[in-house]
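Data block below; observations after.
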Amino acid sequence: MDIRKITPALSVSPQISLQDISVLKGLGFNGIINVRPDGEEDGQPTSKEIEKLAEVSGLSYVHIPVVSGQITEDDIRAFAKARASMVGPVLSYCRTGTRAVTLWASCAAANLSTDAIIKTADEAGYDLSGKAADLDARRDAAAGAKVAPAPAKGGPAHDVVIVGGGAGGLAAAASLLKRRPGLDIAVIEPRDTHYYQPGWTLVGGGVFSRDQTKRAMADVMPKGVKWIRSAVARFEPARNSVILESGDEVTYRALVAAPGIKLMWEKVKGLKEALGKNGVTSNYMFDMAPYTWDLVKSLKGGRAIFTQPPMPIKCAGAPQKAMYLACDHWKRSGALKDIEVEFHTAGGVLFGVQDYVPALMGYVEKYGAKLNMMENLVAVDGPNQMATFEVTDADGKVTTVERGFDMIHVCPPQGPLDFMKGSAIADEAGWVDVNAETLQHNSFGNVFGIGDGCNAPNAKTAAAVRKQAPVVANNVLAILDGTSKTALYKGYGSCPLTVERGKVVLAEFGYGGELQPTFPSWLVKGTKASGLAWFLKEKLMPALYFDLMLKGHEWLAGPEIISHAPLKHEAKDACDFTQSKTG
Ligand code: FAD
Ligand code: UQ1
């Protein structure tokens, strides 16, 4: 728990877990004010769950679902009322604590000077300097003057604002700084931990420990970047700005959107509640990947099911990687003959690029796994160890099939982040709407996209990000400088399929399934399982990711083509980069 004391009666914090509640009582808290709406993030405990445990621990509880970026006067009044009704000390939390501290500041403005409020928040790690005018107005209003609270102003524009501090956001920041040290870049990212997600397959396979896959966000932020620890609620590209969950506005000359992809656990009925017990697991969650390995080690017989949802998903090979590593362990331990292994995929092929299928099928046969195509997992009943699939036959008729299991590895359905859906820079589905080659936004010339959150039809992988970052960095600077040196991305993505411990089928391909191998075939033949490719995955990739890609060292990743065709909306007027859809 990351509790930050604001006053003796009030502390704020990022999201708390269910286990934290009894600890809070022990720490002397008497109440909780949850100012976060339910369902904002994967794994977020619901208000009902928090309330139930708060009651058990004798803590009073109030829920004020404050929409990120849209704190209303009603929210502020509700917060003041909740505090007045509770005996302190009270903890208020949201995703990062920003909404909670902003509500406190808005209430405190009547009695405290703006400077004192901003200093108090700053000491707790929250930057409320953008709220100064609003706080002044509130103080004046409280003193009787007829002044309406002012909206937070954007302040001076950053050269580049990057939304998301995952693989894409940080690689883009590092590549920009490599080209232009001193560039004023702000990265907006709410999490204080950065995850090396490609390592989770190896955690589930008993090769990595969970801790090898996480770093403090502060340690991986490229030096010189300003980290704004908050979440973006809204995009205002016509104003060259984004709105934070506090309601503050951050303005830019160029924007890079790197929001990633949402894991939609809730789309499979019963899955969220089932995870982590009764043999239900997923390598797609940091906390759950070690449980995969526990289950694999302990299973001696019965049925093991591995599932893959409809596309798109990140790292499309990861659901089968989990199966191969499990089978490899069972084969070595002698248990495989007693385990019925099933792979159920909502799609009609094992892997999207046909060239890699023969090598993968060889392993499916070697392990005796049964492939079930067009079977989409729709429900999991943990206590009864039962999975329900919707099966589509050749005529498109859908029937329901139930399968019992002793263990099940689930890859969750995935889609655009909620805050992207309906946003000004998203396509109809909610993906950042970019040109597939330049990664420039299709409507706003000074906006770019990178990573899983974009609608470019590449494989959603960190490997893709490694090649996208130099392209985005080049093209952002071309827009800022008004030059026409355009870099192009050819759709590279890579999926190291861990077919057995010690061997990987290294799939590397671009748009249209064109093979784009990094190494000559005498060294690594991508369409065959290779020991060297396993060595790359286990020993080289973490360093390639953290020490090269996130530091702007573009090893084997130089933009493939630099054309002198100008970007679609080349900046003609340095002050106005924005273009309308028809412009
Ligand atoms: P992410 O790295 O997910 O980052 C998105 C960031 O945006 C997050 O930090 C998030 O907190 C932030 N964000 C979200 N909402 C907001 C908001 N409102 N405001 C501000 N910030 C926000 N790739 C490979 O190349 N090879 C592999 O072997 C491989 N294996 C994988 C195995 C697994 C199990 C998984 C889960 C992934 C794997 N990947 C692999 C895929 C790879 O991890 C992703 O493609 C990569 O992380 C994408 O980067 P990104 O920046 O688009 O998204
Ligand atoms: C890669 O570049 C990358 O991102 C840094 C991965 O994620 C960690 C990968 O899994 C792979 C396979 C690549 C591709 C890199 C090479 C050198 C083949």
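Being a predicted model, the structure only gives us computed values, none of them experimental. When a ligand or atom number is given, it counts from 1 through the structure's own listing order.
- Contact annotation: the side chain of Asn283 never approaches that of Met288 to less than 4.5 Å [non-hydrogen atoms, C-beta and beyond].
- At least one N or O atom of Lys537 sits closer than 3.5 Å to an N or O atom of ligand 1.
- Against a heavy-atom cut-off of under 4.0 Å, Gly168 is close to the following atoms of ligand 1: 49 (O), 50 (P), 51 (O).
- The part of Leu506 lying near ligand 2 is the side chain, judged by heavy-atom distances below 4.0 Å.
- At least one heavy atom of Glu508 lies less than 4.0 angstrom from ligand 2.
- Surrounding NZ of Lys214 are at most 12 heavy atoms belonging to other residues, nucleotides or ligands under 6.0 Å away.
- Using a cutoff of 4.0 Å between basic side-chain nitrogens and carboxylate oxygens, Glu245 and Arg234 are not scored as salt-bridged.
- Near Thr201, with a cut-off below 4.0 Å to any heavy atom, the atoms of ligand 1 are 32 (C).
- Taking distance alone, with nitrogen or oxygen atoms compared against 3.5 Å, Ser230 stays at or beyond that limit from ligand 1.
- In terms of polar-atom proximity, defined here as any N/O pair under 3.5 Å, Thr518 makes no such contact with ligand 2.
- In this structure, Arg210 pairs ionically with Asp287, as a charged nitrogen and a carboxylate oxygen lie closer than 4.0 Å.
- Near Pro190, meaning under 4.0 Å from one of its heavy atoms, ligand 1 places the atoms 20 (C), 21 (N), 22 (C).
- Close contacts between ligand 1 and Pro259 involve ligand atoms 5 (C), 7 (O), 14 (C) [criterion: under 4.0 Å to a heavy atom].
- Residue Asp452 has at least one N or O atom closer than 3.5 Å to an N or O atom of ligand 1.
- Nearest approach of Tyr252 to Ser241, heavy atoms of both residues: CE2-N, 3.3 Å.
- By the criterion of a heavy-atom distance under 4.0 Å, both the backbone and the side chain of Thr461 are placed next to ligand 1.
- Each of the atoms 45 (O) of ligand 1 lies under 4.0 Å from some heavy atom of Lys460.
- Considering backbone and side-chain N/O of Cys315, none are found under 3.5 Å from N/O of ligand 1.
- Between Gln197 and ligand 1, at least one N/O pair is under 3.5 Å apart.
- Each of the following atoms of ligand 1 lies closer than 4.0 Å to a heavy atom of Gly451: 52 (O).
- With a heavy-atom cut-off of 4.0 Å, Tyr492 touches ligand 2 through its side chain alone.
- A salt bridge does not link Arg229 to Glu189: none of the charged nitrogens lies less than 4.0 Å from a carboxylate oxygen.
- The existence of a salt bridge linking Asp418 and Lys262 is confirmed by a sub-4.0 Å separation between a basic side-chain nitrogen and an acidic carboxylate oxygen.
- Taking any N or O of Ala167, backbone or side chain, at least one lies under 3.5 Å from an N or O belonging to ligand 1.
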